[in-house]
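This report refers to the structure that appears directly beneath it.
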Amino acid sequence: MTNWHVVVAVVAGYLLVNLLVGLRAGVRSTDTVAGYVAGDRDFGTLVMYFVAGATMFSAFAFLGGPGWAFSRGAAAFYILAYGVLGVAPYFAIGPWAARLGRRHGYVTQASMLAHRFQNNWVAVIAGTISVIASVPYVALQMRGAGIVFEQVTDGHVPLPLGAAIAYGVVLIYVWRSGVLGVGWTNVFQGVFMVTLAWTLGLYLPYKLYGGIGPMFEQLEALRPEMLTAPGLDAGGNPWTPGAYSSAVLVSAIGVWMWPHLFMKAFAAKDDATIRRTVVLYPTFQLFLFPLFLVGFAGILYGSAPDNADAIMPHIVLTSGLPAVVIGLFCAGALAASMSTGDALVHGAASISLEDVYSGIRDNQLSQHDRRTVIRWLAIAVGVVGYVIALTSGRSLVGLLLLAYGAVVQLAPPVYAAFLWRRTTASGVVAGLLVGVAVTGLLIVFPEWRPYDLHEGLIGLVANLVTLVAVSLATRPPDTAHITEWMRTSRTPQTTSAGVRRS
Amino acid sequence: MKRIATWSGFVYFAAMTAALTFPGLQPFNTIRPLILGVPFVFAWYLFWILGSLLVFLWLHRVHGK
């Protein structure tokens, strides 16, 4: 058996276990939208922890994290900064959203906003932003999976086939099990990627340089500019403090606004589950540390890949590791890709029906039929993502930048919904449109950005100012509705057995 | 107690934001001393992440009751 055969055999085993876990997970789900989209609101701490961690850290973090440390040095630290800062508000907002979800039956964040602001167009616009943002992100995950397959098999499994195999498995378990399939495979994938990251991250510096300390001492002597923030930009020139700091801020504000992450509040069993997930989240975040070590190890490594994001597979493939370890690495990278891609596919499909379609037309479908439509939409999202992954090439990164800038714009309406009673639907809609427009404009004309600030952050400020101004200029919302909504969000509920769910 | 915990959490994460972005990061943006072999600024980020774990634990303990 040649090396690439061993690698493929290990990866096939990994995919098979994924499939079995994903299919098994859906057995106890009810035949309802809440069952398919929110797991019957029964996710415990274990699943929520891995959903939060594994979903947030995608192929972009697993391959891109080391890639950034390798090519841009300390610029990569911004990824370390924003994760915990981003999850902190969820400690309060997560339980508030979950209580409202249990009371009013929300399964998506846009449906929550539409009800709060008594306006379906809020759901249509927020849902459309979410779906448009999710598809290039799915494509990026697919591309990541395909690249890993191609690299570790010496091209015997080309990118299109590798992406199709990995996401074929994803679509099967998403179809069968919905969010329960996503949740339980995330547990398996999360354990896998974290174990791989720590093992390789601690082992490679010892094998190559005799330890972490000796590696950084050599780096300090040869490339000290790589070890202090803000590091380098994509062109190899010093990155600016403004760009670095605004990247931290926009990512921290935006990361939990991604619908596939936010809507997991509606899947949690109770308030305490969400809080425990937030408490434990920093332990997951620390897995970036070994990944960055691999990237820093790459700076001193004798050879370099064409693409910085391929530094981790490059070192793994050329440092004399056994084929089984290479196969396990490949499976770990696929886990990072699939654990985010499955949640995105499932989230985008759910939002397309529940928010966009239902916001435009009166949805008379039964629970069973809605569940079936979401399944077909998941397939459609997967196919569109696959086509983009194969045809887009480099422009995908630009598309993703726009996507992130767009998703961040959901933050003002979400926070305003919970914190400012005077917010009106007109203010939210105007804010969203202005925020997305400003962000898009600055992506096209980056030279217009002051102090090299992230375009999403500037769009966010424009969004917020517009939301406040238009809300104050329009008729105040119905006080009784807002009072009831706010009270529900702040009041721990009791179960049918009289047990407090917090 | 809940109010104190909530405000402490708010202050911690506000301080964390300032400490991990410019200009607050600048005084700690050095390679030396190495902490367990890791550049000081790298360890600075890890320190704040570990600190957040303790803050979250305290918040959960107080708000969970």
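Hydrogens, waters and symmetry mates are skipped; everything else that's a heavy atom, side chains included, is used.
Counting heavy atoms from C-beta outward, L286(A) and L46(B) have side chains that approach closer than 4.5 Å.
A ring-centre distance under 6.0 Å is found for F42(B) and F289(A).
The parts of P224(A) that come within reach of chain B are both its backbone and its side chain, each placing non-hydrogen atoms under 4.5 angstrom from that chain. Both the backbone and the side chain of L57(B) come within contact range of chain A, with heavy atoms under 4.5 Å apart. Proximity to chain B is limited to the side chain of V248(A), based on heavy atoms less than 4.5 angstrom apart. Contacts of F296(A) with chain B are made by side-chain atoms alone, with heavy-atom separations under 4.5 Å and no backbone atom involved. Using a 4.5 Å cut-off between heavy atoms, L293(A) contacts chain B through its side chain alone, with no backbone atom that close. If you measure heavy-atom distances from L219(A) to chain B, you find no contacts under 4.5 Å at all. Residue T6(B): no heavy atom, backbone or side chain, is found under 4.5 Å from chain A.
Most heavy-atom pairs under 4.5 Å with chain B: of the set F292(A), F216(A), Y82(A), Y281(A), this distinction falls to F216(A). Put simply, of G242(A), G83(A), A81(A), the one with the most heavy-atom pairs under 4.5 Å next to chain B is A81(A).
Here the CG atom belonging to L85(A) is positioned 8.5 Å from the OG1 atom belonging to T21(B), to the nearest 0.5 angstrom. Taking CZ from R275(A) and CG from L59(B), the interatomic distance works out to 9.5 Å, rounded to the nearest 0.5 Å.
Residues passing the side chain to side chain contact (heavy atoms under 4.5 Å, CB included) test with P33(B), sequence neighbours excluded: I35(B), F40(B). In this view, P230(A) and W239(A), P241(A), Y244(A), F22(B) satisfy the side chain to side chain contact (heavy atoms under 4.5 Å, CB included) rule, not counting sequence neighbours.
Screening residues 44-54 of chain A for salt bridge (Lys or Arg N to Asp or Glu O under 4.0 Å) gives no qualifying pairs among residues at least two apart or on separate chains.
Close approach to chain B, defined as a heavy atom under 4.5 Å from one of its heavy atoms, is seen in I212(A), G213(A) of residues 201-213 of chain A, taken by number.
In the displayed structure, R32(B) atom CZ is contacted under 6.0 Å by more than 12 heavy atoms of other residues, nucleotides or ligands. For L222(A), the CG atom counts as densely surrounded, since its 6.0 Å shell holds more than 12 non-hydrogen atoms of other residues, nucleotides or ligands.
Nearest approach of A229(A) to N29(B), heavy atoms of both residues: O-ND2, 2.6 Å. When every heavy atom of F56(B) is checked against every heavy atom of A88(A), the shortest pair comes out as CZ-CA, 3.7 Å.
The aromatic rings of F91(A) and H60(B) sit perpendicular, their planes meeting at an angle over 60°, well past the 30° parallel limit.
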Step by step, would you call T228(A) with I31(B) a side chain to side chain contact (heavy atoms under 4.5 Å, CB included)?
CA-CA 7 Å; T228(A) 53; I31(B) 299 172; 3.9 Å; yes
